[in-house]
There are 2 protein chains.
Amino acid sequence: MPTGYRHSQNDVVYEEDQYELTEDGRIPIPYRRAPKYQDGNTIDWLHEEGLERERNHALRSQAGVRGILLPALESVRMWFIVIVTGIGIGIAGAWLDVLVKWLGDLREGRCSYGFFYNSNACCTGLDAGEICQEWQSWGDYFNVHSILGHSLLQAAIYVVLSIAFAGSAALLVVTYAPHAFHTGIPEIKAILGGYVFDAFLTPWTLLVKALVLALAVASGLSLGKEGPLVHVACCMAHFLLRLFKEFRNNEAQKRRVLAAAAAAGVSVAFGSPLGGVLFGLEELDTFANESDVMWRGFVASAIAAVSLQWVNPFGTAKLVLFQVTFVSDRWRAFELIPWVTLGVIGGVLGALLIRLNVEIALYRRNSILGEWPILEVISVSAVTAAVSYLIVFARVQTSELVANLFQECDPTKGDYHGLCNPTATTQNVFLLCLTAILKVVLTAWTFGMMVPAGIFLPTIGIGACIGRAMGLIMQSLYRAYPTAWIFLSCPPDPSVRCISPGFYAVIGASAMLGGVTRMTISLVVILFELTGALSHVLPIMICVMTSKWVGDYMGKDGIYSVWIAMRRYPWLPPVDYRDKGETAANIMKPLSQVVVIEDGVTTVAELKALLARYQYHGFPIIDKHTEFVGYATRQELISVLDLLQLDDSDHDQGKICTFSQNRMRVPAEERIDLSSALEDSIIQLRKEVSQELVVNMFQKLNLRQILFTHAGKLTGLVTKRDVVDLLTSHFPHAAALSQHPHHSRQP
Amino acid sequence: MPTGYRHSQNDVVYEEDQYELTEDGRIPIPYRRAPKYQDGNTIDWLHEEGLERERNHALRSQAGVRGILLPALESVRMWFIVIVTGIGIGIAGAWLDVLVKWLGDLREGRCSYGFFYNSNACCTGLDAGEICQEWQSWGDYFNVHSILGHSLLQAAIYVVLSIAFAGSAALLVVTYAPHAFHTGIPEIKAILGGYVFDAFLTPWTLLVKALVLALAVASGLSLGKEGPLVHVACCMAHFLLRLFKEFRNNEAQKRRVLAAAAAAGVSVAFGSPLGGVLFGLEELDTFANESDVMWRGFVASAIAAVSLQWVNPFGTAKLVLFQVTFVSDRWRAFELIPWVTLGVIGGVLGALLIRLNVEIALYRRNSILGEWPILEVISVSAVTAAVSYLIVFARVQTSELVANLFQECDPTKGDYHGLCNPTATTQNVFLLCLTAILKVVLTAWTFGMMVPAGIFLPTIGIGACIGRAMGLIMQSLYRAYPTAWIFLSCPPDPSVRCISPGFYAVIGASAMLGGVTRMTISLVVILFELTGALSHVLPIMICVMTSKWVGDYMGKDGIYSVWIAMRRYPWLPPVDYRDKGETAANIMKPLSQVVVIEDGVTTVAELKALLARYQYHGFPIIDKHTEFVGYATRQELISVLDLLQLDDSDHDQGKICTFSQNRMRVPAEERIDLSSALEDSIIQLRKEVSQELVVNMFQKLNLRQILFTHAGKLTGLVTKRDVVDLLTSHFPHAAALSQHPHHSRQP
């Protein structure tokens with residue numbers, strides 16, 4: 001029988017995990033309806049929904065009070081998980097902020113009255129203008145008075161601590177939780193789409209990732225905490241889900257709760273509860289048409305944000321991370337020119353960053369570099385720390401840099417590294433561009449190393465640098481030619497401010513994010529909630545639009561899609577797929593390549609041999625004339641066979657398996673009836689339907705397979721993997737980083 | 001043959017619209033692939049998508065430059081429509097505002113130096129504190145000096161003009177465009193879901209609705225302009241769509257563009273570009289899984305908002321309609337108690353408003369009231385004007401009232417009708433509650449009369465009154481007991497402000513909107529963009545959550561769903577439907593009740609008779625043994641028959657119709673091959689699948705029918721109408737207001 005049918009990874013095993021055929025060829029598996037999928041599988045949503053429906057029905061039909069209480073209890077458990085996850089991730093996010101701030105400050109100095117205070121906590125209670133004496137730089141602490149010695153000591157401790165943080169982070173990840181590396185968003189997207197990857201969500205991964213994330217961020221590597229926080233939130237929810245049987249046994253329900261957790265993660269990462277819901281809606285594509293799931297995401301997001309605000313790590317009691325203060329709420333039409341330009345730059349630079357990141361990831365996989373992950377992290381962090389220390393804007397935490405770049409110049413608040421000095425514009429623009437370029441290269445390298453690494457914050461940093469540079473250029477142009485026609489709508493007196501470079505930085509950040517992630521609406525909402533820049537919604541929207549257009553022109557996929565394709569996760573992007581005239585026959589596995597069971601022909605012994613030989617998820621059943629009878633999953637066949645308690649006699653083993661009315665052709669004593677193993681939820685199409693309809697059905701119904709029949713005869717089948725391969729076929733490096741051995745490319 | 005198959009309204013006619021069988025039984029219809037659906041039909045998305053795909057393929061496969069240019073031109077046309085609609089609705093919205101303001105002010109007075117100035121334009125250029133002499137009340141204008149006479153004249157002109165505006169609005173609607181009444185959102189939802197209702201989108205409706213809307217709003221009736229503006233935007237897009245053949249002939253593509261227009265409409269109505277996109281996403285449920293459509297909505301929204309801002313009707317250059325200024329960005333935990341209470345009140349009052357509105361609508365339909373629509377509008381507007389004139393908060397336009405209720409008390413800006421007078425709290429609370437109750441009753445009556453009427457603004461008004469009242473109560477409690485434990489987090493000095501009653505009004509509005517519309521995320525976003533209250537996102541979210549929970553408990557549907565159900569539009573709500581154990585067999589029309597064509601049995605004459613007799617959308621084809629062969633739409637059968645150019649001889653008319661390989665059984669000269677009429681995109685299921693899977697497939701794939709087979713044999717079919725009826729079965733007044741005669745209930 002042909003083996004072309006590709007789905008060997010999608011096998012289902014029972015809770016005993018592994019089994020061997022017993023000597024007599026019997027399959028030693030007890031009757032269990034709920035299978036445990038192995039990592040690397042794709043769940044069968046229709047089957048899971050069917051199980052859930054049966055379970056609900058059974059619960060509700062219980063007599064008396066139990067029939068009312070038990071379903072209510074289920075609902076209570078679900079909300080318990082959603083709410084506790086929200087609270088948990090809110091608190092975790094807050095304490096992570098505190099830890100990062102403290103570790104980051106430690107690289108520059110210490111608090112004289114307590115090692116455990118960060119620079120802000122150390123200097124609280126001072127009046128405006130008073131200089132903080134309590135926070136000592138390492139040079140002061142070690143009493144080094146020569147300027148050169150002081151600087152060298154500072155730089156040395158900065159670099160050494162950075163390396164120590166990054167190195168220990170990598171060591172922990174490599175040793176204890178290899179899945180804790182990277183951002184986690186591609187995996188979460190795949191998991192929410194039906195991929196089974198329980199190793200990714202273990203409590204151990206949760207613990208390591210949360211701890212290591214603080215080290216990685218504090219080390220000054222070019223990475224953010226946003227994506228990993230989503231991963232941490234999902235780990236928390238997964239841990240809670242395992243407490244309750246109804247979720248442990250239903251992968252579809254599990255995913256619905258995980259989606260809410262992911263939204264809560266985004267909510268905490270950006271202090272953006274609405275952005276969290278929209279991220280779930282747009283990027284994770286999980287809430288489509290399921291208002292209940294969206295609703296849970298909404299609640300989880302809100303609760304997570306409340307918890308974060310309640311812990312209030314920095315005493316500001318604000319969710320808005322980078323408060324933007326504009327000189328005026330008005331913006332002028334001519335500013336659209338630099339803003340659209342920023343959109344174009346963001347689109348181009350974003351696409352470049354993605355391409356660079358892919359190339360480095362491929363190089364890492366295919367060279368000796370991949371064998372020394374800790375060394376790689378240490379080297380990159382050494383380079384990052386050394387180079388960053390030299391460039392004033394790169395030395396601080398990216399979040400601090402972004403906060404300052406978003407800020408307008410305000411004489412009363414002091415000048416951030418001379419950024420507001422009108423005579424130093426050229427120098428500032430040069431430094432900002434240098435920082436941006438440096439960060440592009442470092443980010444492309446860092447995103448994919450063996451440390452938890454989010455791409456959001458570095459991208460915002462790059463964009464903010466470019467945007468601020470553009471703002472400074474515009475401002476100096478205005479100062480030089482205040483009466484030029486382009487500045488007619490500005491006040492003619494150049495000492496009155498007309499251009500707000502801080503807002504240009506926000507626009508730059510939007511453009512860069514648009515180019516890298518290709519998100520649209522959720523991005524705009526996150527940026528609002530991040531900056532409070534509500535009055536400037538339109539420029540941000542226009543800029544994100546431009547940047548997405550330009551980026552899409554240079555390469556179709558955002559960074560997450562690219563990583564999903566490289567790791568070959570079975571995830572269907574929610575794109576509008578249009579075929580070029582192909583029909584389903586183009587991706588269909590024809591009948592001759594499909595392993596089938598013949599109704600009224602196959603004997604019990606043959607069926608058992610077939611089940612033992614092929615680990616496929618299920619088998620179509622046809623009769624002698626290739627008429628389609630039905631589809632049965634491997635597990636159901638095994639269960640039913642087991643229930644029938646056949647003995648090993650030749651008589652029993654030689655019985656004919658029947659699934660339909662064809663059984664009448666076989667004498668009653670020579671057959672067994674397996675019709676109860678047939679799946680109810682089987683979708684049939686004709687192979688003449690357009691390929692785009694097939695793709696569309698897989699996208700919208702979360703199917704695992706579609707069977708093709710013509711006039712009652714089976715003609716072939718298409719599985720999710722076929723559709724995923726079709727949709728990633730335009731990407732040259734698809735499956736380049738796949739983890740499962742049978743995913744890897746041919747040598 | 002049985003006639004139980006319900007779909008008589010879903011017939012398809014050709015562009016000639018009506019036809020009769022010719023004397024010889026021939027069907028006089030030319031060969032046309034693209035059918036024109038009649039109003040009241042539901043489009044067949046799969047079929048439309050198939051046509052679109054063929055057309056695209058044909059375009060791209062054209063030789064040379066044409067193969068590149070033509071598809072590009074199509075894309076240009078689509079963007080042209082999206083952009084022009086955006087600009088058009090932006091400008092229309094702005095001028096509508098101007099018109100409403102002028103007409104509204106006219107009820108109270110006139111500008112001494114020009115009849116065409118509204119009160120604001122009349123009084124511009126004054127210094128702060130200067131009293132505007134140019135704006136004359138009617139009493140001053142007619143030189144009435146006695147106070148009583150002055151008041152009476154003012155009241156009389158106010159009431160008379162209100163009645164004149166409302167009456168002429170109703171007259172215009174009833175005479176020229178009956179579809180211009182009501183909000184339009186339920187119809188837009190149905191149309192976007194596939195309902196054909198071209199009469200609803202005519203240029204004439206556009207013109208009348210846009211003009212009449214201004215009159216209706218200015219008349220002071222309890223209605224808003226938001227929903228109708230969405231309708232106007234869709235009319236604009238529909239007008240533009242008719243210019244291009246590719247959209248005229250494809251109902252699916254048409255709907256994708258209309259969705260963008262609807263988003264632009266919301267964007268202009270609220271000055272909320274993001275809210276527009278989210279409204280499309282959540283309430284219209286059209287962008288699900290179609291990133292292209294969402295993207296168009298995003299662009300249309302942004303462009304519409306830019307146009308609105310560019311026209312800048314009130315010289316503020318701001319999109320934020322009701323700027324909220326908070327005393328502090330902080331809020332305190334104890335405030336959650338009044339806010340959640342407001343959420344509960346909003347949920348209850350919202351559900352009550354819906355129920356009241358339904359009862360009044362039923363009463364209107366079933367009593368003599370329905371025959372006197374203009375008189376009803378005149379009476380209600382007279383009552384509204386008379387009662388509103390007596391209550392100080394109800395006298396002004398609702399938008400002005402809301403703007404003032406959202407405002408914090410600021411001694412420098414003057415006091416709005418004594419709202420900030422701390423000694424008049426009891427009186428204010430009483431007046432606000434009275435206004436809210438009055439508005440609930442008036443809104444429930446007005447929403448459904450023969451004038452364009454949005455529900456959003458009156459709902460916001462009611463909520464703002466209640467919220468402000470709650471805020472005043474809390475404030476006076478705080479003033480009376482500043483040291484009570486509940487106010488511990490406030491400053492102990494009661495002269496320092498702790499409670500912001502203006503923000504309570506915002507919360508109240510959110511709660512009320514949540515209760516009436518049952519929207520969540522888009523509502524929160526619209527409220528942000530409406531008020532600029534970004535720092536208070538969390539309380540708004542919590543309040544909307546509470547109100548939706550409470551509202552859902554009291555009645556499952558929001559106001560739009562209720563109207564859709566009452567008018568029996570074939571619209572599938574995006575709810576998570578869960579069955580109680582039923583299978584598809586429960587809603588399936590069994591084979592015995594379905595009109596079928598028998599492959600290899602039916603003759604040409606029989607087929608023609610069947611096509612003439614049954615106006616169904618299509619017919620399943622089975623062979624002698626009820627084996628399922630395929631499905632053919634009525635139009636395809638007619639087309640193919642026509643192409644074959646059979647003569648009227650007994651020989652030709654007696655030929656056997658064949659659709660499959662069964663044809664071999666019939667001699668070649670006695671048969672005709674109709675297999676080209678078979679639809680490719682036919683979905684088959686088994687009748688044992690759960691009812692929830694069937695509903696889910698209809699919801700997500702926008703299907704028109706599903707066929708059920710078992711082991712190759714046809715067992716029945718389910719159509720969209722069956723699913724819609726199933727989903728509205730919980731609502732007692734379903735179809736109570738349906739327009740089509742065959743929709744109405746049995747007498």
Side-chain angles (χ1 to χ4, degrees), chain A residues 46 49-50 53 56-57 273-274 277 281 288-292 295 298-299 302 305-306 309 317-318 320 329-330 520-521 524-525 528-529 532 534-535 537-538 541-542 545 574-576 578 580-581 627-629 660-661 680-686 688-690 692-693 697 699-701 711-712, chain B residues 46 49-50 53 56-57 273-274 277 281 288-292 295 298-299 302 305-306 309 317-318 320 329-330 520-521 524-525 528-529 532 534-535 537-538 541-542 545 574-576 578 580-581 627-629 660-661 680-686 688-690 692-693 697 699-701 711-712:
Chain A
L46 294 191
E49 290 293 336
R53 178 173 164 268
N56 273 334
H57 187 52
L274 260 187
V277 188
L281 203 70
N289 262 324
E290 297 208 48
S291 47
D292 278 17
W295 184 229
F298 193 84
V299 174
V306 170
Q309 209 169 25
K318 274 190 189 182
V320 180
D329 272 353
R330 278 192 63 192
T520 53
I521 299 174
V524 178
V525 172
F528 278 165
E529 294 193 280
L534 195 67
S535 55
V537 42
L538 276 173
M541 278 178 88
I542 291 167
M545 263 163 57
V575 293
D576 258 349
R578 294 281 166 196
K580 292 188 182 62
E627 296 272 350
F628 176 62
V629 175
S660 68
Q661 289 149 337
D680 292 330
S681 311
I682 282 304
I683 289 165
Q684 302 169 41
L685 293 176
R686 297 157 163 270
E688 290 81 15
V689 302
S690 60
E692 64 189 45
L693 177 67
M697 287 188 69
Q699 284 174 329
K700 292 193 177 156
L701 292 175
Chain B
L46 294 190
E49 291 291 337
R53 176 172 166 269
N56 273 335
H57 187 52
L274 260 186
V277 189
L281 203 71
N289 262 324
E290 297 209 51
S291 47
D292 278 18
W295 184 228
F298 194 82
V299 174
V306 170
Q309 208 167 27
K318 275 191 186 178
V320 180
D329 272 354
R330 278 192 64 193
T520 51
I521 299 176
V524 178
V525 172
F528 278 167
E529 294 193 280
L534 196 65
S535 55
V537 44
L538 275 174
M541 278 177 87
I542 291 167
M545 264 164 56
V575 294
D576 259 350
R578 295 278 167 201
K580 293 186 180 65
E627 296 270 349
F628 177 63
V629 174
S660 69
Q661 289 150 337
D680 292 331
S681 311
I682 283 304
I683 289 166
Q684 300 169 41
L685 292 176
R686 296 157 166 271
E688 290 80 15
V689 302
S690 59
E692 66 189 44
L693 176 67
M697 287 188 71
Q699 284 174 327
K700 291 195 178 156
L701 292 175

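Below, read A as the first sequence line, B as the second, and so on, with proteins coming before strands; counting in each chain starts at 1.
Proximity to chain B (any heavy atom under 4.5 Å) is shown, for A:Glu688, by both the backbone and the side chain.
Rounded to the nearest 0.5 Å, atoms CD1 (A:Ile683) and CG (B:Leu685) are 6.0 Å apart. Note that CE of B:Met697 and CE of A:Met697 are 4.0 Å apart. Values are rounded to the nearest 0.5 Å. A distance of 4.0 Å separates CZ in A:Phe298 from CE in B:Met541, rounded to the nearest 0.5 Å.
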Exercise for review: Please step through side-chain contact (heavy atoms from CB on, under 4.5 Å) for the pair A:Val306 and B:Ile542, ending with a clear verdict.
Suggested key: CA-CA 10 Å; A:Val306 170; B:Ile542 291 167; 4.2 Å; yes

